[in-house]
Amino acid sequence: MPYYVTTPIYYVNAQPHLGHAYTTIAADVLARHMRQRGEDVFFLTGTDEHGEPVALAAEAAGVTPRELADRNSARFEALMPQIESSNDYFIRTSDPRHVEAVQEIMQRVHDAGYIYKGSYEGLYCPSCADFKTGQEVGPGDTCPVHGIDLIHEKEENWFFKLSAFQEPLEKLFADNPDFVRPPERRNEALSFIRSGLRDISCSRAGLSWGVEVPWDPEQVFYVWFDALLNYVTALRFAREGEDLTDRYWPANVQLVGKDILKFHAVFWPAILMAAGLEVERSLVVHGYLLMDGEKMSKSLGNVLDPFEVIERFGADALRFYLLREVQFGADGSVGTAGFESRYNSELANDYGNLASRTIAMIGRWRDGTVAAVDHDPELVKDFEGIDVQVAELLDRVEPTQALEAIWVRVRRLNRFVEEQAPWQIAKEPERSAELDVVLASLAEGLRSVTVALHSFMPDSTTKVLAKLGTPDTDWQAAAYKPSGDGMQVTPIEPLFPKP
RNA sequence: GCCCCGGUAGCUCAGUGGUUAGAGCGACGGACUCAUAAUCCGGACUGCGCGGGUUCGAAUCCCGCCCGGGGCACCA
């Protein structure tokens, strides 16, 4: 089955930070997991490059918008391998192929009668050459960029008939209870729709850094229309000479942060309907990462620096930490203290040390060979359904709960070692068969949790599986097999060394 | 103002009508030695924001209130 997962495209005016890494990592876990299950996966991320802020920043830096976009987009593209993102493509909205596709699709929306000329009225900054709204308006109706007074002005714009989609959207939400998750975000979007949809302007005059409106070269599309369409345009050109649209659209899961809920839960499906395209299957909204309960901000200097964490502890540890610490969907606190605590107690002590002790015991008493025997029935029972359970949780995009389900088994394995005390059995040669069962059960349990963890920590788990002599990461391999076919293990270095 | 979500052990949270309300972390005590001084066990922390109500029975349902967070349109 095709499985298409997307992240938002990141606005090039900002530096890559933890929030970008978080969304991308979550999407990557889903993509890798679905690949383990043999699905036909396409995972998209990229950068959003048009719009006034970029044009202004470029002007301030004395470069062209394209030069600025090239430079900053490259930073995001460089982030991907650092966080072990396995995205299949990285789209840039300044790509001429994207621009062309946006024009084609919006022309269709226009021809279908969903676009009309209207006038946009609001507070205008002559220096920015753009209208200011909401938080963009400084105290006393001034421009926060230039500090000058804004003037009330009208501009001729093209408008998108969002109001025409009031009922279709309500029906979409009614027919698909899981269209937006978690439910509180669904409520939020739905109440927005029910409060009455107004038409929105979809073009801007006097700005050149954008996608030109094909029937009116004096205007460019409002950046959201250009940006949202990336999810479908990318499929047209991501693979040379092949159009992947029919294969992957509609997307199975579109991950977004809660700040852009409205655009993805309301505007986006309306645009798709207007263009005669299918609507995305589901939108999954995550929360903010907070630092000690405060919203992250550079000025507060409380940012957990993802690059520093990766440098010192590896990308696997960052991936694990972010999805483990914060209930996916809710806001949650992250910080260096919390990171170190989980790194030490869970990655190093619980899991890393489990791998060390398991492999060491098999080496010491069995010369690295795991006997092909039936496993401990109680352990077998406790591992029953681990594969099904984790797969279901990830289907529901509950990575935090999936990790918890796996961790219950990791702890179970450490308890099993203490209960069985193999070092005692090893002292009594007549209990040799017992020792075989204990070690084989343990090795199988370690192998099972490791396969289950593979999408979260691709690097570390690959190492462990290699040392166990069982490199298979297909999802069937996540199931605990109650009778072993024997493994050959080799010594392993500490997976998550303590500083 | 209207709407949504939350308020459970020192901390982070699970638990949506029914045995003595749970987990992880932290702290304390103990066991063990295969392992990255790792692991395991134990009791304790006697806690469901407040006030009513429904019920044989409520953390769990209803009403009101208090506190915290979020949303209420064109900020990418």
Side-chain angles (χ1 to χ4, degrees), chain A residues 8-14 47-54 93 120 122 131-137 144 157 159-160 162 182-202 204 222-228 257-263 266-267 287-288 290 293 295 324-327 329-333 337-338 341-342 344-365 400-401 404 407-408 411 413-426 435 438-439 442 492-499:
Chain A
I9 47 174
Y10 304 121
Y11 202 57
V12 289
N13 224 26
T47 44
D48 178 12
E49 308 185 9
H50 289 134
E52 183 211 339
V54 171
T93 57
Y120 186 90
F131 286 89
K132 301 291 173 183
T133 55
Q135 295 166 353
E136 283 184 306
V137 178
N157 283 140
F159 275 70
F160 173 63
L162 182 64
E184 55 268 34
R185 296 299 165 204
R186 171 196 155 83
N187 290 345
E188 211 171 290
L190 192 52
S191 72
F192 177 82
I193 294 166
R194 285 182 176 152
S195 74
L197 295 177
R198 304 204 291 265
D199 295 344
I200 52 174
S201 65
C202 65
R204 292 286 183 274
Y222 173 46
V223 70
W224 267 110
F225 283 77
D226 158 14
L228 286 165
K258 64 180 185 179
D259 50 330
I260 51 179
L261 168 69
K262 188 168 55 198
F263 298 100
V266 183
F267 297 0
Y288 287 144
L290 309 171
K295 189 168 174 179
R324 175 82 169 136
E325 182 82 320
V326 179
Q327 174 62 42
D331 289 355
S333 289
S341 168
R342 285 212 190 261
N344 286 324
S345 72
E346 298 191 336
L347 289 180
N349 298 349
D350 290 349
Y351 178 67
N353 184 53
L354 174 68
S356 294
R357 68 198 307 207
T358 300
I359 289 171
M361 285 189 281
I362 295 165
R364 176 189 281 233
W365 297 312
T400 310
Q401 289 186 42
E404 176 57 22
W407 228 253
V408 167
R411 289 194 207 100
L413 289 170
N414 278 317
R415 207 180 324 128
F416 180 72
V417 176
E418 299 303 318
E419 286 167 3
Q420 301 298 322
W423 48 90
Q424 289 293 343
I425 306 176
L435 186 59
V438 171
L439 296 180
L442 197 49
I492 187 169
E493 295 296 306
L495 271 181
F496 299 99
K498 294 191 185 173

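All chains are named by letter (A, B, ...) in the order of the sequence lines, taking the proteins before the strands, and each is independently numbered beginning at 1. Below, all heavy atoms of this structure are taken into account, side chains as well, without hydrogens, waters or symmetry copies.
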*Asks:* Is there a Watson-Crick or G-U wobble partner for B/rA31 with both distances under 3.5 Å, and if so, which one is it?
*Replies:*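 Answer to the pairing question: B/rU39, which forms a Watson-Crick or G-U pair with B/rA31.
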
*Asks:* Would you measure the distance from the P atom in B/rG10 across to the matching atom in B/rG49 and give it in whole Å?
*Replies:*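 Going atom to atom, P in each nucleotide, I get 13 Å.
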
*Asks:* Given side chains that start at C-beta, do those of A/W423 and A/V417 come closer than 4.5 Å, heavy atoms only?
*Replies:*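 Yes, close enough: below the 4.5 Å cut-off.
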
*Asks:* Between A/N414 and A/L354, is there a donor-acceptor pair closer than 3.5 Å when you use the side chain of the first and the backbone of the second?
*Replies:*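 Side chain of A/N414 to backbone of A/L354, a donor-acceptor pair under 3.5 Å: no, none is there.
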
*Asks:* When we call it a touch if two heavy atoms are under 4.0 Å apart, what does A/Q424 touch: a base, just sugar-phosphate, or nothing?
*Replies:*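 Sugar-phosphate contact only - A/Q424 comes under 4.0 Å of backbone atoms but never of a base.
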
*Asks:* In whole angstrom, give me the gap between the C1' atoms of B/rC74 and B/rG64.
*Replies:*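 Pairwise C1' distance, B/rC74 against B/rG64, rounds to 39 Å.
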
*Asks:* B/rG42 and B/rA59: how far apart are their P atoms, nearest whole angstrom?
*Replies:*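 To the nearest whole Å, 27 Å.
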
*Asks:* Can you check whether A/Y288's main-chain N or O pairs, donor with acceptor, with A/D331's side chain at less than 3.5 Å?
*Replies:*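 Yes; at least one donor-acceptor contact below 3.5 Å.
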
*Asks:* At what distance, to the nearest 0.5 angstrom, does CD1 of A/I359 lie from CZ of A/R364?
*Replies:*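 With rounding to 0.5 Å, CD1 (A/I359) is 15.0 Å from CZ (A/R364).
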
*Asks:* By nearest atom, which of the nucleotides B/rG24, B/rA73, B/rC75 is closest to the A/E346 side chain?
*Replies:*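 The listed nucleotide nearest to A/E346's side chain is B/rG24.
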
*Asks:* At a cut-off of 3.5 Å, list every protein nitrogen or oxygen paired with a nitrogen or oxygen from nucleotides 3-5 of chain B, distance to 0.1 Å.
*Replies:*
| from | atom 1 | to | atom 2 | distance (Å) |
| --- | --- | --- | --- | --- |
| B/rC4 | O3' | A/N187 | ND2 | 3.3 |

*Asks:* Between A/T358 and A/A355 (side chain of the first, backbone of the second, donor and acceptor by atom type, cut-off under 3.5 Å), is there such a pair?
*Replies:*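 Absent.
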
*Asks:* Quantified in whole Å, what is the P atom distance between nucleotide B/rG15 and nucleotide B/rA76?
*Replies:*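 That atom pair is separated by 38 Å.
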
*Asks:* Once you round it to whole Å, what is the distance between C1' of B/rG71 and CZ of A/R186?
*Replies:*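 Between C1' of B/rG71 and CZ of A/R186: 16 Å.
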
*Asks:* If B/rC61 has a Watson-Crick or G-U wobble mate with both distances under 3.5 Å, name it; if not, just say none.
*Replies:*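 B/rG53 is the nucleotide pairing with B/rC61.
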
*Asks:* In the 5'-to-3' direction, what one-character label does each nucleotide of nucleotides 34-43 of chain B receive under the scheme B = base within less than 4.0 Å of a protein heavy atom, S = sugar-phosphate only, - = no such atom?
*Replies:* BBB-SBSS--

*Asks:* Check every strand shown and say whether A/G196 touches a base, only sugar-phosphate, or nothing at a heavy-atom separation below 4.0 Å.
*Replies:*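 Here A/G196 touches the bases of the nucleic acid.
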
*Asks:* For a quick check of understanding: with a heavy-atom distance under 4.0 Å over all strands, which category does A/L197 fall into, base, sugar-phosphate or nothing?
*Replies:*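 Base contact.
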
*Asks:* About how many Å separate OG of A/S345 and CG of A/N353, when rounded to the nearest 0.5 Å?
*Replies:*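 OG of A/S345 is found 12.0 Å from CG of A/N353.
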
*Asks:* Whether the side chain of A/Y11 engages the backbone of A/H50 through a donor-acceptor N/O pair (distance < 3.5 Å, no angle test) should be reported.
*Replies:*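 Yes; judged by distance alone, with no hydrogens or angles, the pair exists.
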
*Asks:* Write down the distance separating the C1' atoms in B/rA27 and B/rA9, rounded off to the nearest Å.
*Replies:*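 Approximately 13 Å lies between the C1' atom of B/rA27 and that of B/rA9.
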
*Asks:* What does B/rC25 pair with, Watson-Crick or G-U, if both distances are under 3.5 Å?
*Replies:*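 B/rC25 is paired with B/rG10.
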
*Asks:* Round to the nearest Å and state the distance from A/F263 atom CZ to B/rA73 atom P.
*Replies:*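 That distance rounds to 12 Å.
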
*Asks:* Roughly how many Å is it from CD1 in A/I200 to C1' in B/rA73, rounded to a whole number?
*Replies:*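 My rounded result for the distance is 8 Å.
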
*Asks:* Please report, rounded to the nearest Å, how far the C1' atom of B/rG70 is from the CD1 atom of A/I260.
*Replies:*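 That distance rounds to 16 Å.
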
*Asks:* Base, sugar-phosphate, or nothing for A/P8, non-hydrogen atoms under 4.0 angstrom?
*Replies:*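 Since no nucleic acid heavy atom lies under 4.0 Å of A/P8, the category is nothing.
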
*Asks:* Can you list the steps and then say if A/E52 with A/R204 is a salt bridge (charged side-chain N to carboxylate O under 4.0 Å, His left out)?
*Replies:* CA-CA 10 Å; A/E52 183 211 339; A/R204 292 286 183 274; over 6 Å; no

*Asks:* Does the A/T93 side chain pair with the main chain of A/E49, one donor and one acceptor, at a distance under 3.5 Å?
*Replies:*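 Confirmed, A/T93 side chain pairs with A/E49 backbone.
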
*Asks:* Could you tell me whether the side chain of A/S356 and the main chain of A/P494 form a donor-acceptor pair under 3.5 Å?
*Replies:*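 Between the backbone of A/P494 and the side chain of A/S356 there is no qualifying donor-acceptor contact (under 3.5 Å).
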
*Asks:* Please state how far atom OH in A/Y11 lies from atom P in B/rC75, giving the value in whole angstrom units.
*Replies:*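 Answer to the nearest Å: 12 Å.
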
*Asks:* Evaluate A/E188 against A/R185 for salt bridge (charged side-chain N to carboxylate O under 4.0 Å, His left out), listing each step before the verdict.
*Replies:* CA-CA 5 Å; A/E188 211 171 290; A/R185 296 299 165 204; 2.8 Å; yes

*Asks:* B/rC74 C1' sits how many Å from A/F160 CZ, rounded?
*Replies:*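 Taking CZ of A/F160 and C1' of B/rC74, I get 13 Å after rounding.
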
*Asks:* Over how many whole Å does the gap from A/K258 atom NZ to B/rC72 atom P extend?
*Replies:*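 Atom NZ in A/K258 sits about 11 Å away from atom P in B/rC72.
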
*Asks:* Of A/F267, A/F159, A/F160, A/W224, which meets side chain to side chain contact (heavy atoms under 4.5 Å, CB included) against A/C202?
*Replies:*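 For A/C202, the side chain to side chain contact (heavy atoms under 4.5 Å, CB included) test succeeds with only one of A/F267, A/F159, A/F160, A/W224, which is A/F160.
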
*Asks:* Considering only atom C1', compute the distance from B/rG47 to B/rA14 and round it to an integer number of Å.
*Replies:*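 Result for the C1' pair: 14 Å, nearest Å.
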
*Asks:* Base, sugar-phosphate, or nothing for A/S201, non-hydrogen atoms under 4.0 angstrom?
*Replies:*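 Answer is base: heavy atoms of A/S201 come under 4.0 Å of a base.
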
*Asks:* Between the protein and nucleotides 6-14 of chain B, list the N/O to N/O atom pairs that are separated by less than 3.5 angstrom.
*Replies:*
none

*Asks:* Please check: side-chain N/O of A/D199 versus main-chain N/O of A/L162, any donor-acceptor pairing under 3.5 Å?
*Replies:*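 Answer holds: yes.
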
*Asks:* Using atom C1' in both nucleotides, what's the gap between B/rA37 and B/rC32 to the nearest angstrom?
*Replies:*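 The answer is 13 Å between these two C1' atoms.
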
*Asks:* Provide the Watson-Crick or G-U wobble partner of B/rG68, both distances under 3.5 Å; none if there is no partner.
*Replies:*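 The answer is B/rC5, by the H-bond criterion.
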
*Asks:* Can you list the steps and then say if A/E346 with A/Y351 is a side chain to side chain contact (heavy atoms under 4.5 Å, CB included)?
*Replies:* CA-CA 6 Å; A/E346 298 191 336; A/Y351 178 67; over 6 Å; no

*Asks:* Would you measure the distance from the P atom in B/rA31 across to the matching atom in B/rA21 and give it in whole Å?
*Replies:*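 Those two atoms are separated by 31 Å.
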
*Asks:* Report the distance from atom CZ of A/F225 to atom P of B/rA76, rounded to the nearest whole Å.
*Replies:*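 My rounded result for the distance is 13 Å.
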
